[in-house]
Amino acid sequence: MWRRVALLSPMISSSSSRSLTLNQAAFGLKVGESFATDAVNPEERDLPPKEKAPFITFVLGGPGSGKGTQCEKIVETFGLQHLSAGDLLRREIAMNTKNGDMILNLIKDGKIVPSEVTVKLIQRELESSDSRKFLIDGFPRTEENRVAFERIIRADPDVVLFFDCPEEEMVTRVLNRNQGRIDDNITTMKKRLKIFNGLNRPVIDYYKNKGKLYTINAVGTVDDIFQQHVLPIFSSFEQLKKESRHVIQKSTIGSSLVENSS
Ligand SMILES: Nc1ncnc2c1ncn2[C@@H]1O[C@H](COP(=O)(O)OP(=O)(O)OP(=O)(O)O)[C@@H](O)[C@H]1O
Ligand SMILES: Nc1ccn([C@H]2C[C@H](O)[C@@H](COP(=O)(O)O)O2)c(=O)n1
Ligand SMILES: [Mg+2]
């Protein structure tokens with residue numbers, strides 16, 4: 001767990017003077033907070049430096065573009081922890097929490113839940129996890145989501161995947177999904193597509209300008225999309241490759257589009 005590891009590490013006092021990435025700052029902040037209230041065992045002072053910042057992937061794409069499906073395959077192969085923003089919100093509805101009704105009404109109407117609510121749910125998962133590598137699926141959906149994540153979590157994604165799928169195909173997939181989702185109907189789907197085009201596109205452009213965006217053609221079989229586009233992206237990251245549970249057969253890096261502003 002981020003918080004638990006932080007409490008065990010005495011190195012934070014010196015790390016605060018180093019130049020930190022945003023992700024390291026997120027980690028450091030937790031420790032700093034802990035220091036204010038927890039006594040440090042003097043015997044722990046010589047422990048090794050704290051772990052590296054977590055590896056974060058944002059997974060973007062319209063409704064039904066195949067985000068969740070590909071995330072399952074990434075988890076299977078590279079062992080990242082999958083956090084679906086939509087699933088976390090649906091869990092609030094199922095558990096009838098204080099925000100449950102509000103979330104239900106917004107999702108039914110294809111609208112976006114206030115960023116503070118969604119980010120706090122993600123934060124809870126990040127902090128209670130033992131993993132150091134995460135797939136955050138369906139997030140950020142809006143610029144407001146993105147800014148709230150930076151403000152609350154104080155972290156930046158290492159990679160942003162965008163599953164690019166024609167609207168017609170997304171509609172077909174959603175209407176055939178058959179998972180009993182309250183928003184899988186044509187009326188809500190039209191609203192979700194409108195929101196996607198209006199609010200999610202600027203986020204995609206933001207990461208494109210930062211050179212972090214990988215645009216993936218989301219048409220084709222699930223296996224082909226994974227093998228030809230997704231797998232080469234993740235295989236190019238050393239820290240993920242080492243722990244890969246499958247032999248990577250061929251490097252086809254270049255078949256998916258790494259985009260930047262130039
Ligand atoms: N490449 C594909 N070809 C055909 N069907 C697919 C493909 N990928 C996923 N599907 C199917 O399309 C439906 C939507 O996929 P998935 O749930 O992964 O989309 P999503 O992007 O997570 O959507 P949402 O944003 O609504 O959660 C599912 O029924 C899934 O089995
Ligand atoms: N960042 C997010 C993610 C999801 N929601 C709401 C609105 C979506 O239509 C719904 C379902 O999400 P999905 O499972 O399709 O990723 O959940 C949101 O408000 N903010
Ligand atoms: Mg999904």
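Ligands are counted one by one from 1 in listed order, and the atoms in each one are counted from 1 as well. Along the sequence shown, residues carry numbers from 1.
- Shortest contact from atom 23 (O) of ligand 1 to any protein heavy atom: G64 N, 2.9 Å.
- For ligand 1, the polar-atom distance check against T221 finds no nitrogen or oxygen pair separated by under 3.5 Å.
- In terms of polar-atom proximity, defined here as any N/O pair under 3.5 Å, G66 does make such a contact with ligand 1.
- Looking at H82 and D137, their side chains do bring a donor and an acceptor atom within 3.5 Å of each other.
- Going from atom CG of L88 over to atom CD of Q123 covers 12.5 Å, rounded to the nearest 0.5 Å.
- Ligand 1 is never approached by G61 to a heavy-atom distance shorter than 4.0 Å.
- Atom CD of residue Q81 and atom OG1 of residue T57 lie 12.5 Å apart, to the nearest 0.5 angstrom.
- Inclusion of D137 in the set of residues having an N or O under 3.5 Å from an N or O of ligand 1 is not warranted.
- Protein heavy atom at the shortest distance from atom 15 (O) of ligand 1 is T69 OG1, 3.6 Å.
- For atom 7 (C) of ligand 2, the closest non-hydrogen atom on the protein side is K111 O, 3.4 Å.
- Atoms CG and NZ, on D109 and K191 in that order, are 4.0 Å from each other to the nearest 0.5 Å.
- Contact atoms of ligand 1 toward R181: 24 (P), 26 (O), 27 (O) (distance under 4.0 Å to a heavy atom of the residue).
- A single hydrophobic cluster is not seen to contain both V203 and L193; linkage of ILVMFWY side chains at heavy-atom distances under 4.5 Å, directly or through other members, places them apart.
- Atom 22 (O) of ligand 1 has as its closest protein heavy atom G68 N, 3.0 Å.
- Inclusion of N145 in the set of residues having an N or O under 3.5 Å from an N or O of ligand 2 is warranted.
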List the steps, then state whether salt bridge (charged side-chain N to carboxylate O under 4.0 Å, His left out) holds for K212 with D158. CA-CA 7 Å; K212 291 193 171 183; D158 297 277; over 6 Å; no
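- Both tests do not hold together for K67 against F163: distance to the six-membered ring centre under 6.0 Å, angle to the ring axis within 45°.
- Using a 4.0 Å cut-off to heavy atoms of I225, the atoms of ligand 1 that qualify are 1 (N).
- Counting heavy atoms under 4.0 Å from ligand 2, residue R90 touches it through the side chain alone.
- Contacts between I112 and ligand 2 below 4.0 angstrom, taking non-hydrogen atoms only, involve backbone and side chain alike.
- Annotation: F139 places no N or O atom under 3.5 Å from an N or O atom of ligand 2; distance criterion only.
- For the residue pair T215 and D164, no side-chain donor N or O sits within less than 3.5 Å of a side-chain acceptor on the partner.
- Of all atoms in ligand 1, numbered sequentially from 1 with element shown, those under 4.0 Å from a heavy atom of G62 are 21 (O).
- No part of I195 comes within 4.0 Å of ligand 2, judged by heavy-atom distances.
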R154 and E150: CA distance, side-chain angles, deciding distance, salt bridge (charged side-chain N to carboxylate O under 4.0 Å, His left out) verdict: CA-CA 5 Å; R154 300 196 61 208; E150 285 178 8; over 6 Å; no
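- Residue contact check: A85 has heavy atoms under 4.0 Å from atoms 1 (N), 3 (C) of ligand 2.
- For ligand 1, the polar-atom distance check against R192 finds a nitrogen or oxygen pair separated by under 3.5 Å.
- For R181, a nitrogen or oxygen atom sits less than 3.5 Å from a nitrogen or oxygen atom of ligand 2, counting backbone and side chain alike.
- Less than 4.0 angstrom separates some heavy atom of R192 from each of these atoms of ligand 2: 9 (O), 15 (O).
- Heavy atoms of T142 found under 4.0 angstrom from ligand 2: none, in either backbone or side chain.
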Does R192 form a salt bridge (charged side-chain N to carboxylate O under 4.0 Å, His left out) with D183? I'd like the steps, not just the answer. CA-CA 9 Å; R192 289 162 72 196; D183 51 351; 3.7 Å; yes
Could you walk me through whether F55 and F237 satisfy the ring pair (Phe, Tyr, Trp, His ring centres under 6.0 Å) test, starting with their C-alpha distance in whole Å, then the side-chain angles of each, then the deciding distance to 0.1 Å, before giving a yes or no? CA-CA 10 Å; F55 186 96; F237 288 93; 5.2 Å; yes
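- Comparing R177, R90, Q70, R173 by heavy-atom distance to atom 11 (C) of ligand 1, the nearest is R173.
- An N or O contact shorter than 3.5 Å is missing between P63 and ligand 1 by distance.
- Listed by number with element, the atoms of ligand 2 under 4.0 angstrom from any heavy atom of D183 are 11 (C).
- If you look at V113 next to ligand 2, the close heavy atoms, those under 4.0 Å, come from the backbone and the side chain alike.
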Start with the C-alpha distance between E167 and N197, add both sets of side-chain angles, then the distance that settles side-chain hydrogen bond (donor to acceptor under 3.5 Å, both in side chains), and finish with yes or no. CA-CA 10 Å; E167 284 199 4; N197 286 317; 2.8 Å; yes
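- In terms of protein heavy atoms, atom 20 (P) of ligand 1 is closest to K67 N, 3.6 Å.
- Aromatic ring pairs are classed by plane angle as parallel below 30°, tilted from 30° to 60° and perpendicular above 60°; the pair F149 and F139 is tilted.
- At least one N or O atom of G220, backbone or side chain, sits closer than 3.5 Å to an N or O atom of ligand 1.
- Close approach to G86 involves these atoms of ligand 2, each under 4.0 Å from a residue heavy atom: 12 (O), 14 (O).
- Taking every non-hydrogen atom of G138 and a distance limit under 4.0 Å, the qualifying atoms of ligand 2 come out as 1 (N), 2 (C), 3 (C).
- Tracing side-chain contacts under 4.5 Å through hydrophobic residues (I, L, V, M, F, W, Y), one reaches V113 starting from I152; they form part of the same cluster.
- For S65, the heavy-atom gap to ligand 1 drops under 4.0 angstrom.
- Hydrophobic cluster membership differs between I107 and I195, with clusters built from Ile, Leu, Val, Met, Phe, Trp and Tyr side chains linked at under 4.5 angstrom.
- Looking at L89, L88, V117, it is L89 that brings a heavy atom closest to atom 4 (C) of ligand 2.
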With salt bridge (charged side-chain N to carboxylate O under 4.0 Å, His left out) as the criterion, how do R91 and E125 come out once you've worked through the C-alpha distance, each side chain's angles and the decisive distance to 0.1 Å? CA-CA 13 Å; R91 194 170 71 188; E125 296 301 310; 2.7 Å; yes
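- Contact check for L175 versus D184: no side-chain heavy atoms found under the 4.5 Å cut-off.
- Remark: R146 CZ to Y207 OH distance equals 5.5 Å, nearest 0.5 Å.
- To the nearest 0.5 Å, the span separating CD1 on I56 from CZ on R132 amounts to 9.0 Å.
- I107 CD1, 3.5 Å is the protein heavy atom nearest to atom 17 (O) of ligand 2.
- Atom 13 (P) of ligand 2 has R141 NH2, 3.3 Å as its closest protein atom, hydrogens excluded (heavy atom only).
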